[in-house]
There are 2 protein chains.
Amino acid sequence: MTEDARDEVDLLVAAWRAERPDLDVEPLQVLSRVSRLAKHLDRARRAAFAEHDLEPWEFDVLTALRRAGKPYELSPGALLRATLVTSGTMTNRIDRLAQAGLVRRRPDPEDRRGVLVSLTETGLARVDAAFDDLLRRERELLSGLGPADQRTLASLLRTLLTPFDSPL
Amino acid sequence: MTEDARDEVDLLVAAWRAERPDLDVEPLQVLSRVSRLAKHLDRARRAAFAEHDLEPWEFDVLTALRRAGKPYELSPGALLRATLVTSGTMTNRIDRLAQAGLVRRRPDPEDRRGVLVSLTETGLARVDAAFDDLLRRERELLSGLGPADQRTLASLLRTLLTPFDSPL
DNA sequence: GAGAGATATCTCGATGTCAAGACAGTACAC
DNA sequence: GTGTACTGTCTTGACATCGAGATATCTCTC
């Protein structure tokens with residue numbers, strides 16, 4: 001038995017056991033920690049991006065374009081699929097990024113309904129610098145685990161994620 | 001070498017390696033998966049709560065009260081520390097929960113600045129039912145892993161979380 | 001016991017998101 | 001080629017959140 005409370009989730013689980021002894025709350029041991037870690041990661045991201053005057057949502061759009069490779073150009077539709085936001089949100093984001101001079105919008109020459117969004121020079125430089133910074137912080141966050149443990153963790157998480165992959 | 005792409009994060013990492021071969025993107029193997037899993041978990045939560053006519057934010061407040069044990073009563077200040085939201089948000093949440101008949105507000109007899117918020121009968125029944133449902137879905141989400149793997153995963157995640165615990 | 005600073009809660013304005021729907025253009029069947 | 005369904009983007013209105021500040025009360029020191 002692991003009876004000593006080591007982190008806040010252990011305390012949370014202990015509180016539930018006291019109040020609802022009829023329930024098996026083991027799933028919380030994994031999933032509450034996933035949620036909490038994600039929250040801390042969000043803060044680290046926000047901090048890393050703030051150094052480069054970027055909001056997390058800006059970074060998300062810019063990295064999608066960056067990953068696409070030269071000429072760093074995608075349609076709004078492709079961007080919203082990459083970032084999992086709605087079309088209204090994406091329109092709003094592109095508007096603000098264009099106004100900030102980080103992306104450019106131009107009509108799609110092949111489809112008159114369509115638009116193509118591409119990184120500007122500034123946008124490219126900004127996202128590259130921010131990504132570098134983010135990786136530095138992520139490495140720091142993982143520094144408690146050795147390489148072997150990190151691989152184990154990645155592999156277990158992948159198992160949980162595979163059911164979600166193709167659908168949606 | 002694990003060269004075959006198994007999930008979307010493997011594809012993401014491969015894309016970064018192609019575009020930024022100068023960077024060590026290994027941290028993404030763990031942390032991108034944490035973020036994504038948290039997102040899927042949010043959806044599962046939303047779905048579980050919808051069955052009981054609860055929004056995630058409502059559940060968060062109600063469970064904090066539920067975990068406190070009889071008489072299921074806490075101050076707004078204690079609630080906002082438990083849920084990590086700002087005071088303005090908590091006021092708003094309590095207003096709406098009270099209007100929905102799930103919690104009650106009464107002046108704190110010991111501190112005239114203060115207020116105490118408690119679960120109503122309806123609130124208690126609602127949160128217990130929703131929690132049961134949530135655990136069922138979480139178990140389903142974890143069904144790809146055996147008990148030993150789940151313990152390993154919980155333990156690795158705990159290691160990553162401990163640095164965050166007491167500070168803040 | 002009076003004043004300074006801390007604490008508890010609420011109010012208000014701005015922001016980013018989503019959902020639903022509007023609108024233009026395209027694709028395919030007949 | 002004409003009609004129907006689909007696709008891509010943008011518009012609008014509602015909503016939950018945050019941050020800053022307002023108000024009331026408590027606490028501690030002198």
Side-chain angles (χ1 to χ4, degrees), chain A residues 35 38-39 42-43 45-47 49-50 53-62 64-65 68 73-100 102-118 168, chain B residues 35 38-40 42-43 45-47 49-50 53-65 68 73-100 102-118 168:
Chain A
S35 287
K39 200 155 270 181
D42 273 347
R43 296 196 177 194
R45 283 165 53 89
R46 191 171 289 277
F49 303 153
D53 267 308
L54 287 176
E55 297 294 321
W57 63 262
E58 294 181 292
F59 182 82
D60 284 343
V61 176
L62 297 179
L65 291 167
E73 186 165 63
L74 292 170
S75 68
L79 284 171
L80 65 90
R81 281 186 290 278
T83 53
L84 302 175
V85 299
T86 60
S87 63
T89 299
M90 187 51 69
T91 297
N92 186 15
R93 287 182 174 188
I94 294 168
D95 284 349
R96 285 173 288 158
L97 284 169
Q99 194 156 14
L102 302 175
V103 306
R104 232 186 320 265
R105 233 194 289 233
R106 69 175 178 116
D108 183 337
E110 317 248 296
D111 182 339
R112 257 174 297 179
R113 296 167 301 180
V115 170
L116 290 173
V117 179
S118 61
L168 225 194
Chain B
S35 288
K39 201 156 270 180
H40 289 299
D42 273 347
R43 294 196 179 194
R45 284 165 52 88
R46 192 172 287 279
F49 303 153
D53 268 307
L54 287 175
E55 297 294 322
W57 63 263
E58 295 181 291
F59 182 82
D60 283 344
V61 177
L62 297 180
T63 38
L65 291 168
E73 185 165 62
L74 291 171
S75 69
L79 284 171
L80 67 89
R81 281 186 291 277
T83 54
L84 301 175
V85 298
T86 60
S87 63
T89 300
M90 188 51 68
T91 298
N92 187 14
R93 287 183 173 189
I94 295 168
D95 285 350
R96 286 171 289 156
L97 284 169
Q99 194 156 15
L102 301 176
V103 306
R104 231 187 319 267
R105 232 196 287 235
R106 68 175 179 118
D108 183 337
E110 316 249 296
D111 183 340
R112 255 173 299 178
R113 297 167 301 179
V115 169
L116 291 172
V117 179
S118 61
L168 223 193

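Quick note on labels: first sequence line is chain A, next is B, and so on, each numbered from 1. Everything numeric here is computed off the predicted structure, so don't read it as measured data.
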Novice: Is the closest side-chain heavy-atom distance between L102(A) and L54(A) below 4.5 Å?
Specialist: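 Answer yes - side chains close enough.
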
Novice: Could you check how far NZ of K39(A) sits from C1' of dT17(D), rounded to whole Å?
Specialist: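 Rounding to the nearest Å, NZ of K39(A) and C1' of dT17(D) are 12 Å apart.
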
Novice: Evaluate side-chain contact (heavy atoms from CB on, under 4.5 Å) for L79(B) paired with R93(B), printing each intermediate quantity in order.
Specialist: CA-CA 10 Å; L79(B) 284 171; R93(B) 287 183 173 189; over 6 Å; no

Novice: Please report the distance, rounded to the nearest Å, between CD in E58(B) and C1' in dA16(D).
Specialist: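 Nearest whole value for this atom pair: 12 Å.
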
Novice: Quick one: D42(A) CG to dC18(D) C1', roughly how many Å, whole number?
Specialist: 15 Å

Novice: What protein N or O atoms touch nucleotides 1-3 of chain C N or O atoms at under 3.5 angstrom, if any, and at what distances?
Specialist:
none

Novice: Quick check on R105(B): does its CZ atom have over 12 non-hydrogen neighbours (other residues, nucleotides or ligands) under 6.0 Å away?
Specialist: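 Enclosed: over 12 neighbouring heavy atoms sit under 6.0 Å from CZ of R105(B).
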
Novice: Working to the nearest 0.5 angstrom, can you tell me the gap between M90(B) CE and L84(B) CG?
Specialist: 9.5 Å

Novice: Using a 4.0 Å heavy-atom cut-off to protein, can you give one letter per nucleotide of nucleotides 11-26 of chain C, 5' to 3': B if the base is in contact, S if only the sugar-phosphate is, - if neither?
Specialist: B----SBBS----BBS

Novice: Is R96(B) salt-bridged to E58(B), going by a charged N under 4.0 Å from an acidic O?
Specialist: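 Looking at R96(B) and E58(B), the cut-off is not met.
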
Novice: Just the rounded figure in Å: distance from P of dT25(D) to CG of D108(B).
Specialist: 13 Å

Novice: Closest approach of P56(A) and R45(A), non-hydrogen atoms and distance?
Specialist: O-NH2, 4.3 Å

Novice: What integer distance in Å separates M90(B):CE from dT17(D):P?
Specialist: 9 Å

Novice: Output the rounded distance in Å from CG (L80(B)) to P (dA16(D)).
Specialist: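 It is 18 Å, rounded to the nearest whole Å.
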
